[in-house]
Amino acid sequence: MGFRSRAAAVALLLPMQTLRAPSPEFRAMQPELFATPGALVNAAADIDGDGDLDLFVGFNGAPNRLYRNDGGTFKEIAATAGVADARATRAGAFGDFDGDGDADLLVGFAPGPEPVLRLYRNVAGRFEDHTLAAGLRVDSGAVRQPVWVDVDADGDLDLFVAMRDRANLLFRNDAGRFTEVAAALGLGDTRRSVGAVWADLDADGDLDLVVGNMDGDANGVFVNEGGRFTDRAGRLGLEWGGRAPREPSNGTVRPCVADVDADGRLDIITANYGTPGLFLARADGTWQDAGAAWGIAVDRRYDTCALADFDHDGRLDLYLNGTLTQGRNWPDFLYRNSGARFETAMTVALESVPSTHGALWADFTADGTADLALAGQGPHALLANLLPAATAHRSLRLRILDARGLATRAGAEVRVYAAGTRRLLATRLVDAGSGYDAQSDAPVHIGLTTAEPVDVEVTWPAAGERQVSRWSRVPVDGRRVTELRPPSGAGAQGR
C-alpha cells in the first residue's frame, strides 16, 4: 500500500505569524496533596461531567489515586470512587467503552496472583469492576500501553494492550463484550513492547499503529491494509526510532505522533533508551530523520514524549522526561519549538520534580493553557501554566464527538485554518495513546497566535474512507470547551 500525500487536506501553507515567546512559568498546584512518591502513570478525564478534568495516578504499590477537580481545586477520592487499588500499577486508560457518555477506566497491573487487567465502568462518577462481565480477564503478563480506539470503525471503542513479555493484545468490542483478535489481524507481536500510538499515517482512511519495543528489539509500524496489519517499519526506515540498532541496552519506550513542523502531516517522535528520534513526514509518504537537526539527539534514557503548545505561538513544544535506571535519575527536558529546532526551556519549577515516567499536558485550570502533570519516584506534581491571561485565552479546547455525541474518535485529526481561507494554523490529534502507558479522554488543546475566529476541520478514519466535517468561524476562547460533532448521517463531507 502506497503512502499518499495529504495535499488535499492542506491546500495552502503560509508562513506562521511570529510572536515573541514568553518565558515559561509554572506553579505547583496543591503540593501537599500531590506528595506521595512512587507514581508511574497518569491520565485525565472528566469523570463526573462537571466540565473540568480530573486526574488518575497509578502507583508502584501504594494505593492508586483519583483526584476530583472542582473548579481548579483537587480532592483525592479514589477509595470512595472505587479505584484505590494497592497493587503495582503499570497502565491506565480512560475511554467510553460502553457508549453511555462517560469515561470508563482500564487499569493494568504488574504480574501477580490476580488478573493483570481491571476494567472499571463509570456509573455516575463511581467505578464498578466490570472486567469479567466484559470478557477482559487476562491472568498473566507485563502490561504496558493500553489504547481505547475504534479499530474496525463500527462506532465503539476496541482495546489494544502492548505487553512487555508476551504477544500484544487487541480486544474487539461487540456491544460491550470483548474478543481477543490480535493474532488473527496481524497484531500479536511477541517483541518486548512498551509504548503504542494509533494514527492514520498513510492518509488512506484507516488507523495504523506504531509500537515501541525495548531490549534491542526493532519497533513496529503496523499498516492497516483492509482490516489486517502488516509491519512496514523496516521499509519506511522507522524500525529503530533514532536509537542504536540491535543494541540490547537501547529501546523505544514511547512513540508519539504529532505535526511538529506545522505542515499538516503527521510526524513521529520517539522517547528512547538511547538517542531520541524525530521523523518528519514528507509529502511523498517517506520520513526524514531530523532528530539531530532539531536538537534533541542527546543519548540518554527517556520514558515519555509529551507534546503541547505551552506558549501559544502556534507550534507544538516537547517534554521529554528522563527515567530512573541503574541508580541514576536522568534529567527531563522541556523543548520550545522555534519552527525549525527545539530549544531548551526548563524552569526551576520543572527541575524540582524528579519525574521518571508519566508526563501529561492538559488544561486542568480551565484558563486555556496546557498545564503539566508529572509522575515519578519523587512526589508527583500538577503544574499550572502561568501564561498571561490574554495569551492563555488565545486557544481552543475542542471536544471531538461522533454524531451521537460520544467520544469514539481517538486518532482523529483536527486542523485549524484562518477563517475563510486554507491557511493552516494548527494540526492536532485526539489522544490515541500519547501518555506513558496511559491514555486520556480530554479536549484537544490548540494554542493560537490570534484571537480571531477560525475554521475547524476534523478528519477521522472510517473503514477505508477519510470522513471530514467542517465548522466555520469557531470562536477562540480557551476558557470554554467547544463540542464538535458531525450531523447525524454525515458521510465523507460533513457541514
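Here the structure is a predicted model, which is why all the values come from computation and not from measurement. Any value given below was found using the heavy atoms of this structure, including those in side chains, with hydrogens, waters and symmetry copies removed.
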- Carboxylate-amine/guanidinium proximity below 4.0 Å for R228 and D206: no

- Salt bridge between R301 and D303, side-chain N to carboxylate O under 4.0 Å? no

- Message: Less than 4.0 angstrom from a charged side-chain N to a carboxylate O is my criterion; do R282 and D284 meet it?
- Response: no

- Residue pair N168 / L187: nearest heavy atoms and the distance that separates them: CB-O, 3.6 Å

- Item | W198 vs F229, ring-ring contact (aromatic ring centres under 6.0 Å, His included): CA-CA, chis, key distance, verdict | CA-CA 12 Å; W198 292 77; F229 293 82; 5.8 Å; yes

- Which heavy atom in R144 sits nearest to a heavy atom in V194, and how many Å separate them? CB-O, 3.2 Å

- Message: Hydrogens and angles aside, do T369 and D371 bring a side-chain donor and acceptor to less than 3.5 Å of each other?
- Response: yes

- Side-chain heavy-atom pair V143, F109 within 4.5 angstrom cut-off: no

- Message: Using the rule ring pair (Phe, Tyr, Trp, His ring centres under 6.0 Å), only one of Y436, Y302, F59 pairs with H357; which is it?
- Response: Y436

- Query: Are E452 and R394 close enough for a salt bridge, meaning some N to O gap below 4.0 Å?
  - Reply: no

- Item | Residues T252 and N219: side-chain donor-acceptor under 3.5 angstrom | yes

- Message: Strictly below 4.0 Å, N to O, side chains only: are D363 and R397 in salt-bridge contact?
- Response: yes

- Identify the residue among R246, R243, R192 that makes a salt bridge (Lys or Arg N to Asp or Glu O under 4.0 Å) with D217. R192

- Message: Side chains of Y273 and T323, heavy atoms from C-beta outward: is any pair under 4.5 Å?
- Response: yes

- Name the one of N42, L53, V57, D54 that satisfies side-chain contact (heavy atoms from CB on, under 4.5 Å) with Y67? V57

- Message: Ring-plane angle category for F34 and H380, please: parallel below 30°, perpendicular beyond 60°, tilted otherwise.
- Response: perpendicular

- Quick one: which residue pairs count as a side chain to side chain donor-acceptor pair (under 3.5 Å) with a foot in residues 26-41, not counting sequence neighbours? T36-R65

- Note on the structure: Closest non-hydrogen atoms of G237 and F279, given as atom of the first, atom of the second and distance, are O-CE2, 3.9 Å

- Task: Please name the pair of heavy atoms, one in A359 and one in L374, separated by the smallest distance, quoted to 0.1 Å.
- Result: CB-CD2, 3.9 Å

- Do H312 and H445 have side-chain N/O donor and acceptor atoms under 3.5 Å apart? yes

- Task: Walk me through it: do E247 and S249 pass the test side chain to side chain donor-acceptor pair (under 3.5 Å)?
- Result: CA-CA 6 Å; E247 170 55 54; S249 65; 3.0 Å; yes

- Pairs meeting criterion disulfide (SG to SG under 2.5 Å) with involvement of residues 341-391, two or more places apart: none

- d(S395 OG, D367 CG) to nearest 0.5 Å is 8.0 Å

- Task: In plain terms, say whether D311 and R336 are close enough for a salt bridge, that is, a side-chain N and a carboxylate O under 4.0 Å apart.
- Result: yes

- Message: Check D437 with R254, please: is the shortest side-chain N to carboxylate O separation under 4.0 Å?
- Response: yes

- Item | Cation-pi geometry met for R423 and Y417 (6.0 Å, 45°) | no

- Item | Presence of salt bridge, R164 and D215, under 4.0 angstrom | yes

- Got a salt bridge between R265 and E413, using NZ or NE/NH1/NH2 to carboxylate O under 4.0 Å? no

- Nearest non-hydrogen partners of A407 and D441, listed with the distance: CB-OD1, 3.9 Å

- With N64 via side-chain hydrogen bond (donor to acceptor under 3.5 Å, both in side chains) - residues at least two apart: T89

- Hey, what's the ring geometry for Y335 with F342, parallel, tilted or perpendicular (30° and 60° as the breaks)? tilted

- Item | Carboxylate-amine/guanidinium proximity below 4.0 Å for D259 and R428 | no

- Within-4.5 Å side-chain heavy-atom neighbours: I269 and L307: yes

- Message: Check this for me, if you would: do D189 and R191 make a salt bridge, where the nitrogen-to-carboxylate-oxygen distance has to be below 4.0 angstrom?
- Response: yes

- Query: Would you call F364 and D52 a side-chain contact if the rule is heavy atoms closer than 4.5 Å?
  - Reply: no

